[in-house]
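What follows is a single structure, written as C-alpha cells, with notes after it.
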Amino acid sequence: EPGELRGRSIARLSDGEIVETGLSIDSPQLGQPFVHPETTGLLPMHIVHRRSVDGGRSWGEWKRMDTAPNTAASPCSMAVLELADGVLAQPYECWKEYEEPAPAPQAAYLRLSFDRGDTWPEWQLVAAAESTYYWDQRIAIAPDEGWLAAMFWTHDSRSHSHRDSHLSWGLPDGTEWSEPVGTGLPGQHTQPLALGGERLLAIYPRRDEEPGIVLSHSRDSGATWLRGEDLWLYRHGGSAEAGSLTSETL
C-alpha cells in the first residue's frame, strides 16, 4: 500500500531470528499535513514487522500488528523485546485519529505475543495520566532478574511545558508497572541502560540552556542520580533550541 515507512528498529531474538519493527504511515492527500492543524490527530499509522532467519541476508514481507482498540499507535522507534519467559513485547504509544476532535487518550503500552510474533492478542498499560503525556517510552531489560525499566519524555498538557524524564519499573513479564516518578533529569526521549543490581544509566538529549547529549548514572535503581558524574557525550555550545522549553503541539 502507498505510504511512508519510518522509525525502523531491529531486534535479534535468542533463537537467532531477526525482527524489524517499522511505522507505516498512510500517504496524505494533496496538502494534508501529518498532524491535523485543528484536532492535532495523526494520519493513519500502523506498526509493522518483518523477519529474517538468515542473519539479515533476506527478509519476509511486512506484516501489520493489530493494535485495536488503541488508535494512532507508534512504536516510538522501539524494537521488539524478548522477555524472560520467551514472550515477545512490542512497546508503543497511542494518540488519536486524524479527524477526532476529542482530547487525545495518550498512553504508553506493551503489546504481547505468545507465539513468537504471529499474533499480538494482549496488551498492558505501562503509563497514562489525565493531564500528563508519557511520550517516547524507552525500555531496558535488567540483565540479572529481567526487571523492565521504562523512561519517558514527560509533558504537562495543561501548562504546555515539558517536565523531567520519568521512570517506571515493570515485572519481568511486563504485566505490572509502577507509577512513573520524576527523575530530575532534564531530558526528552530518554534511553535507560540497566547494568544489573541497582545500577541504571540514562542517555538523553538536553535542549535547554545547556543543549547536548548526556549520560547520567544511578546506583539505587533510579531513586537518585549522581549528577556530579554526568558524562557529556556531546555539547552543542550554544543556547537553548527554539521552542524546546515549551510545546503547543500534540
_For His49, run the ring pair (Phe, Tyr, Trp, His ring centres under 6.0 Å) check against Trp62, Tyr92, Trp120 and tell me which one passes._
Trp120
*Can you tell me how far CD of Gln124 sits from CG of Leu148, rounded to the nearest 0.5 angstrom?*
10.5 Å
*Considering non-hydrogen atoms only, spot the tightest contact between Ala194 and Ala142 and give its length.*
CB-CA, 3.6 Å
*Does the Glu93 side chain pair with the main chain of Asp136, one donor and one acceptor, at a distance under 3.5 Å?*
yes
*If we only count heavy atoms from C-beta on, is the Tyr98 to Pro28 side-chain gap below 4.5 Å?*
no
*Given the rule in the side-chain contact (heavy atoms from CB on, under 4.5 Å) test, do Thr183 and Met151 qualify, once you have shown the distances and angles that lead to the verdict?*
CA-CA 9 Å; Thr183 61; Met151 299 191 77; 4.0 Å; yes
*Does the side chain of Thr154 reach to within under 4.5 Å of the side chain of Thr132, using non-hydrogen atoms?*
yes
*asked:* Using a 3.5 Å distance criterion without hydrogens, assess whether the side chain of Lys63 forms a donor-acceptor pair with backbone atoms of Asp118.
replied: yes
*About how many Å separate OG1 of Thr119 and CG of Leu112, when rounded to the nearest 0.5 Å?*
11.0 Å
*Report yes if some heavy atom in the side chain of Leu201 is under 4.5 Å from a heavy atom in the side chain of Leu215; otherwise report no.*
yes
*Charged N-O contact under 4.0 Å between Glu61 and Arg50*: no
*asked:* Donor-acceptor check, side chain of Asp156 to backbone of Ser161, threshold 3.5 angstrom: yes or no?
replied: no
*Should Leu13 and Leu88 count as side-chain neighbours, where that means a heavy-atom distance under 4.5 Å?*
yes
*If Ile, Leu, Val, Met, Phe, Trp and Tyr residues are connected whenever their side-chain heavy atoms lie under 4.5 Å apart, and connections chain through other members, are Leu167 and Trp153 in the same group?*
no
*Is the ring centre of Tyr109 less than 6.0 Å from the ring centre of Trp177?*
no
*Between Asp208 and Arg206, is the closest basic N to carboxylate O distance under 4.0 Å?*
yes
*Side chains of Asp230 and Ser216: donor-acceptor distance under 3.5 Å anywhere?*
yes
*Is a side-chain donor or acceptor of Glu100 paired with a backbone partner of Ala102 at a separation under 3.5 angstrom?*
yes
*What is the distance from atom CD of Gln90 to atom CD1 of Ile139, rounded to the nearest 0.5 Å?*
9.5 Å
*asked:* Let me confirm one number: the OG-CD distance from Ser168 to Glu176, rounded to the nearest 0.5 Å.
replied: 11.0 Å
*asked:* Check whether Arg163 reaches the backbone of Pro186 with its side chain - one donor and one acceptor, N or O, closer than 3.5 Å.
replied: no
*Does any N or O in the side chain of Thr190 come within less than 3.5 Å of the main-chain N or O of Tyr204, such that one atom is a donor and the other an acceptor?*
no
*Regarding Glu99 and Thr39, is there a side-chain donor-to-acceptor distance under 3.5 Å anywhere?*
no
*Of all the heavy-atom pairs spanning Ala223 and Ser218, show the shortest one and how long it is.*
N-OG, 4.0 Å
*Between CG of Leu43 and CD of Glu4, what distance do you get to the nearest 0.5 Å?*
8.5 Å
*For Asp144 and Gly197, indicate whether the former's side chain and the latter's backbone hold a donor-acceptor pair under 3.5 Å.*
yes
*Going only through I, L, V, M, F, W and Y residues with side-chain contacts under 4.5 Å, is there a path from Leu110 to Phe114?*
yes
*Compare every heavy atom of Ser52 with every heavy atom of Arg57, then report the nearest pair and how far apart it is.*
N-OG, 4.0 Å
*Would a 4.5 Å heavy-atom cut-off, applied to side chains only, mark Tyr134 and Val126 as touching?*
no
*Heavy-atom side-chain contact between Thr21 and Met78 under 4.5 Å*: no
*asked:* Quick check: is Met65 connected to Val80 through a chain of hydrophobic side chains (ILVMFWY, heavy atoms under 4.5 Å apart)?
replied: yes
*Looking at Leu185 and Ala202, what are the two nearest heavy atoms and their distance?*
CD1-CB, 3.8 Å
*Output yes when Arg116 and Glu82 qualify as a salt bridge under the 4.0 Å nitrogen-oxygen rule, no when they do not.*
yes
*Are Val53 and Val19 connected in a single hydrophobic cluster, I mean Ile/Leu/Val/Met/Phe/Trp/Tyr linked by side-chain heavy atoms less than 4.5 Å apart?*
no
*Between the main-chain N or O of Gly55 and the side-chain N or O of Arg12, is there a donor-acceptor pair closer than 3.5 Å?*
no
*Before giving the answer on side-chain contact (heavy atoms from CB on, under 4.5 Å), spell out for Thr67 and Ile47 the whole-Å C-alpha distance, their side-chain angles and the decisive distance to 0.1 Å.*
CA-CA 8 Å; Thr67 61; Ile47 299 174; 4.1 Å; yes
*Which pair of non-hydrogen atoms, one from Lys96 and one from Pro105, has the smallest distance, and what is that distance?*
CB-CD, 4.1 Å
*Check: His166 ring centre within less than 6.0 Å of Phe152 ring centre*: no
*Only one of Gln188, His236, His162 clears side chain to side chain donor-acceptor pair (under 3.5 Å) with Arg207; which?*
Gln188
*Is there a side-chain contact between Tyr234 and Val214 (heavy atoms, below 4.5 Å)?*
no
*Donor on one side chain, acceptor on other, His46 and Asp26, under 3.5 Å*: yes
*Flag yes if Leu171 and Leu81 sit in one hydrophobic cluster, no otherwise; membership is Ile, Leu, Val, Met, Phe, Trp, Tyr, and two members link when side-chain heavy atoms are under 4.5 Å apart.*
no
*How about Ser9 and Glu20: does a side-chain donor come under 3.5 Å of a side-chain acceptor?*
no
*How about His189 and Trp135: are their ring centres within less than 6.0 Å of each other?*
no
*Might you point out which heavy atoms bring Ser113 and Pro121 nearest each other, and give the distance in Å?*
CA-CD, 4.4 Å
*Is there a donor-acceptor contact under 3.5 Å from the side chain of Trp169 to the main chain of Ser221?*
yes
*Are any non-hydrogen side-chain atoms of Leu193 and Ile203 less than 4.5 angstrom apart?*
yes
*Rounded to the nearest 0.5 Å, how far does CG of Leu23 lie from OG of Ser74?*
4.5 Å
*Between Phe34 and Arg6, is there a cation-pi geometry (under 6.0 Å to ring centre, at most 45° from the normal)?*
yes
*Test the Arg235-Trp232 pair against the cation-pi criterion, namely NZ or CZ under 6.0 angstrom from the six-membered ring centroid and within 45° of the ring axis.*
yes
*Let me see the working for Arg219 and Glu198 under side-chain contact (heavy atoms from CB on, under 4.5 Å), right down to the final yes or no.*
CA-CA 5 Å; Arg219 293 178 182 157; Glu198 296 186 349; 5.9 Å; no
